[in-house]
Structure formats: structure tokens, C-alpha cells
Amino acid sequence: MTVTPLVRVQAEDFDAGQEAQELTRNRKDVGALVSFVGLCRDEAGTLSALELEHYPGMAEAELTRIANQAIDRWPLTGLTVVHRFGKIPPGENIVLVIAASAHRRAAFEAADFLMDFLKTRAPFWKKEHLVSGEESTWVEAKSGDDDDAARWVNT
Amino acid sequence: MTVTPLVRVQAEDFDAGQEAQELTRNRKDVGALVSFVGLCRDEAGTLSALELEHYPGMAEAELTRIANQAIDRWPLTGLTVVHRFGKIPPGENIVLVIAASAHRRAAFEAADFLMDFLKTRAPFWKKEHLVSGEESTWVEAKSGDDDDAARWVNT
Amino acid sequence: MNIRYFAWVRERVGVEEETIDVPGNVKTVADLIAHLKSLSENHAAAFEEEDAIRVALDQLHVEPDVSLGDAREAAFFPPMTGG
Amino acid sequence: MNIRYFAWVRERVGVEEETIDVPGNVKTVADLIAHLKSLSENHAAAFEEEDAIRVALDQLHVEPDVSLGDAREAAFFPPMTGG
């Protein structure tokens with residue numbers, strides 16, 4: 001049976017625990033569930049919020065393409081991807097990936113892969129709004145993210 | 001500030017979502033949260049329950065030692081390990097590992113490491129009780145688990 | 001053709017979305033970028049760091065040498081920073 | 001010395017826990033295993049596949065060549081299958 005990923009792009013927060021339960025409810029074939037939650041971080045105390053801009057339509061389509069690549073590559077029983085947009089204050093959730101599988105290695109690798117490709121391919125852009133009221137600036141892409149995504153080629 | 005892992009060995013079920021929230025509550029330094037949930041699996045429909053025997057005292061001590069190794073090795077902001085014992089029917093949770101960090105790579109690697117070492121070093125043993133009522137049998141250790149743990153040496 | 005801009009590309013161009021007539025000699029994404037640069041100073045400024053700009057045709061990532069074909073929408077944006 | 005058994009080692013020995021006197025010539029974990037095997041047929045059967053048995057001294061994993069030192073508890077069990 002082909003697994004259909006659940007992909008959502010939304011302004012509202014998500015409940016990672018509830019999303020995980022949806023992947024195991026009434027099932028006995030899930031042995032491993034790996035969840036990744038990315039949060040808005042602000043160690044310096046200078047950030048008032050991250051503003052996430054996205055390309056509606058393409059964001060969902062690209063996340064679904066990446067999710068289906070993971071489903072083709074690993075024996076998953078379920079896969080959930082939720083990405084928020086809009087203004088997100090420090091401490092709040094930004095992104096959720098949950099991979100379910102019979103075995104832990106597949107679940108770990110699929111979640112890790114999803115995050116690496118999501119970072120470099122899903123059409124979202126972060127702008128930093130500062131507490132000081134200084135001009136907001138766009139977060140620059142990290143070359144490390146491309147390196148992370150490149151780990152999955154030919155492996 | 002040194003991170004103290006939260007380690008629990010218990011008969012009761014756990015709430016993975018709630019445990020994850022404990023690691024981020026009122027914090028702005030957590031950018032990534034990786035959770036692993038291991039569940040009792042029974043694709044064939046022949047299992048009535050797994051019975052988990054453990055070595056009380058040593059189970060907590062060994063899980064804490066493994067958790068502290070992860071804390072020494074990766075820059076974590078928090079780490080939670082919960083392992084159940086007793087009879088666990090198919091579909092129910094067995095083990096939970098949550099690693100929190102500023103960055104996703106550290107959180108992924110720490111959770112993955114924890115699970116590999118927990119499997120080979122934490123004093124728990126699984127016995128399979130069958131629906132048929134046939135004699136229960138002890139689950140044999142997999143050599144693959146030792147291979148998984150060996151991945152973390154010299155890397 | 002419908003053209004969309006995101007993040008700092010959008011801010012520099014000054015519009016989110018516009019509909020343009022594509023001249024007959026504009027065949028590829030690179031041709032389209034050259035054409036857009038000719039439209040206004042803002043467009044020229046937005047595409048100044050051309051290597052830093054990513055392109056999607058009908059919501060699929062493409063490289064600059066790709067033909068426009070019968071794509072209905074082109075989008076221009078900086079490298080993604082989601083997740 | 002307090003001796004504990006787990007999983008199929010426990011089932012074969014037939015007890016969970018027992019207190020034994022350690023003879024003076026028993027210095028290492030391997031010596032202790034040899035001594036335990038001499039106690040009963042059940043003990044001998046439990047330790048038959050000696051390579052398949054893991055040992056903890058005072059709740060720390062140890063190898064068979066380790067000295068008992070002043071450990072108060074030794075535990076014997078099969079390879080772990082938790083997680």
C-alpha cells in the first residue's frame with residue numbers, strides 16, 4: 001500500500017504530540033516514530049519575531065515532492081510535514097516532520113532527509129524583526145544547509 | 001550550564017508530546033527537538049504482548065550514563081529518556097528519547113546515538129507472549145544493533 | 001505571463017506579482033531575466049546579484065538555461081531559508 | 001555476595017536472586033562463573049552458553065577478566081533487547 005504524506009502549510013501552531021498519535025492510531029505496524037520540531041530561537045534576546053514568507057501553492061507542492069521522495073527511498077508507514085508561515089515569536093514552533101516506520105533507522109533517516117531538503121528546496125524565507133525596532137533583515141541561506149542536503153546524494 | 005538528563009523507568013505509558021513541551025517551556029534557546037518513540041509492533045497479528053523485564057536500579061543508572069555521554073558529545077539544551085517495563089500490548093509505546101539543541105544536526109545525532117546505545121547497553125529484555133498461547137520466547141539480540149552502536153566509535 | 005517575486009527580490013522590484021507580455025525572442029529563463037531587467041530601475045536592481053536568485057516555472061524549481069515552454073507563471077526569489 | 005539473574009538466565013537458574021559465600025580462590029568474574037556452575041545442575045545449565053552471558057558488577061557492565069574487588073552485587077543476563 002502506497003503511503004500518502006500529510007503536508008500542511010499554515011499560520012496556526014501545530015500540536016506535535018497529536019500529529020504523532022495520528023500516525024499510530026489503531027495500527028500495529030509502526031515500530032518507530034521520529035519527530036523533528038524546529039523552533040524560533042533567540043539566545044541573544046534581540047529578536048521580536050521571525051516572519052516567514054512563503055510561495056502559496058508551491059510550498060505545499062514542493063513539500064509533497066520531498067515527502068514522496070522520502071517515501072520512495074525508505075519503507076515508511078506514514079509521514080507528516082507541517083510548516084508555518086507569518087510572524088513567529090521566539091520559543092514558538094516553525095516546522096514539524098514526523099516519519100513512521102517499522103524500523104528505527106528508516107524513520108531517523110527519512111526525518112533527517114526531509115529536514116535537509118526542506119531547508120534548501122521548500123519556498124519559505126525568514127525575515128528577522130528586532131526588539132530594537134531596527135530595520136528588519138532577511139536571513140541568509142547557509143552553505144552548510146546545501147552541504148547537509150548533499151549528504152543524501154549517492155548514499 | 002551543565003544539562004541534567006531526565007531519565008525515567010516506569011510501567012505506565014508516557015506522553016511524548018508533553019515530555020517534549022517540558023524541554024522547551026519558557027526557553028528561547030531551543031531551535032531543534034528530535035523525538036524518538038519506539039512502539040510494540042505486531043504485523044503478523046500473532047503477538048498478545050511484549051513483556052519487558054529490567055534490572056531495577058541499573059536500568060536507570062545505565063540510561064543516565066548513556067544520556068550523559070550524549071550530553072558530553074553534543075551541545076544539547078535538554079535530554080529526556082523514558083523506558084517502560086512490564087507487559088506492553090501491540091501498538092503501545094515502549095521507549096522515548098528526546099534531544100533538544102540549538103541546532104538540528106546535534107539533536108538528530110544525539111537521539112540516534114541514544115537509541116543505538118540504549119538497545120545494546122540498557123538492561124532490558126523482551127519476551128514475546130503469543131496470541132496462540134504457545135510458550136513465550138525471549139527476543140534474541142540482533143547483531144545489527146551492535147553494528148549500529150559501533151557507528152559512533154571514532155566518528 | 002504571470003511573474004511573482006518573493007522576499008528581498010519582491011522588496012526590490014516593489015511589486016509582488018505582475019503580468020507581462022513576453023517578447024518572441026525571450027526563449028529561456030535567462031532571456032526572461034534579461035527582459036525583466038530592462039523594464040525598470042527597480043527590476044534592474046532586483047536582478048543585480050543574478051547568481052543569488054532562484055527561479056520556479058509553474059511552481060517547479062528550474063535552472064536559468066531552461067526553456068519557458070508554455071509555462072504560465074515564473075517566480076523569482078532568493079535561496080530558501082525555511083525550516 | 002549478592003547474585004542476580006535476569007531473563008532466560010534467571011529462568012534456567014530458577015531463582016532471581018541469591019546470596020553466596022565467595023571462596024578465597026575466586027578472584028575474577030570468570031572465576032565466579034566457574035564457581036556458580038558448580039553449585040547446581042540448574043546453574044551449570046544456565047551458564048552453558050557462557051559466551052552469551054553478560055555480567056554487571058555493582059550495576060556496571062564488566063568483562064569476565066575483571067577482578068571482583070569489593071563488589072557487593074554481581075548480575076548475569078543475556079544480551080540486552082530493550083528499546
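Here is the naming used below: chain letters follow the sequence lines, and residue numbers restart at 1 for every chain.
No more than 12 heavy atoms of other residues, nucleotides or ligands sit less than 6.0 Å from atom CG of Asp21(D). By the neighbour-count criterion of 12 heavy atoms within 6.0 Å, atom CD of Glu16(D) is sparsely surrounded, having that number or fewer from other residues, nucleotides or ligands. Annotation for Glu140(B): atom CD does not count as buried by contact number, only 12 or fewer foreign heavy atoms lying within 6.0 Å. Shown here is Asp70(D), whose CG atom has no more than 12 heavy atoms of other residues, nucleotides or ligands within 6.0 Å. The local environment of CD in Glu48(D) is sparse, with at most 12 non-hydrogen atoms from other residues, nucleotides or ligands closer than 6.0 Å.
Taking 4.5 Å as the limit, every side-chain heavy atom of Lys142(B) sits out of range of all side-chain heavy atoms of Pro79(D). The shortest distance between side-chain heavy atoms of Met80(D) and Leu118(B) does not fall below 4.5 Å. A heavy-atom distance below 4.5 Å is found between the side chains of His61(D) and Arg121(B).
Note: Trp8(D) CH2 to Glu53(B) CD = 12.5 Å, rounded to the nearest 0.5 Å. One finds the NZ atom of Lys127(B) at 11.5 Å from the OG1 atom of Thr81(D) (value rounded to the nearest 0.5 Å).
With a 4.5 angstrom heavy-atom cutoff, Glu51(B) does not touch chain D via any of its atoms. Of the two parts of Glu73(D), only the side chain, counted from C-beta on, holds a non-hydrogen atom closer than 4.5 Å to a non-hydrogen atom of chain B.
Contact detail for Gln59(D) and Tyr55(B): the closest heavy-atom pair is CG-OH, 3.7 Å. Heavy atoms only, all atoms of each residue included: Arg4(D) and Pro56(B) are closest at NH2-CD, 4.1 Å.
Taking the six-membered ring for Trp and thresholds of 30 and 60 degrees, Phe6(D) and Trp125(B) have nearly parallel ring planes, at less than 30 degrees apart.
Although no hydrogens or angles enter the test, the distance criterion places no donor-acceptor pair under 3.5 Å between the side chain of His83(B) and the main chain of Gly82(D).
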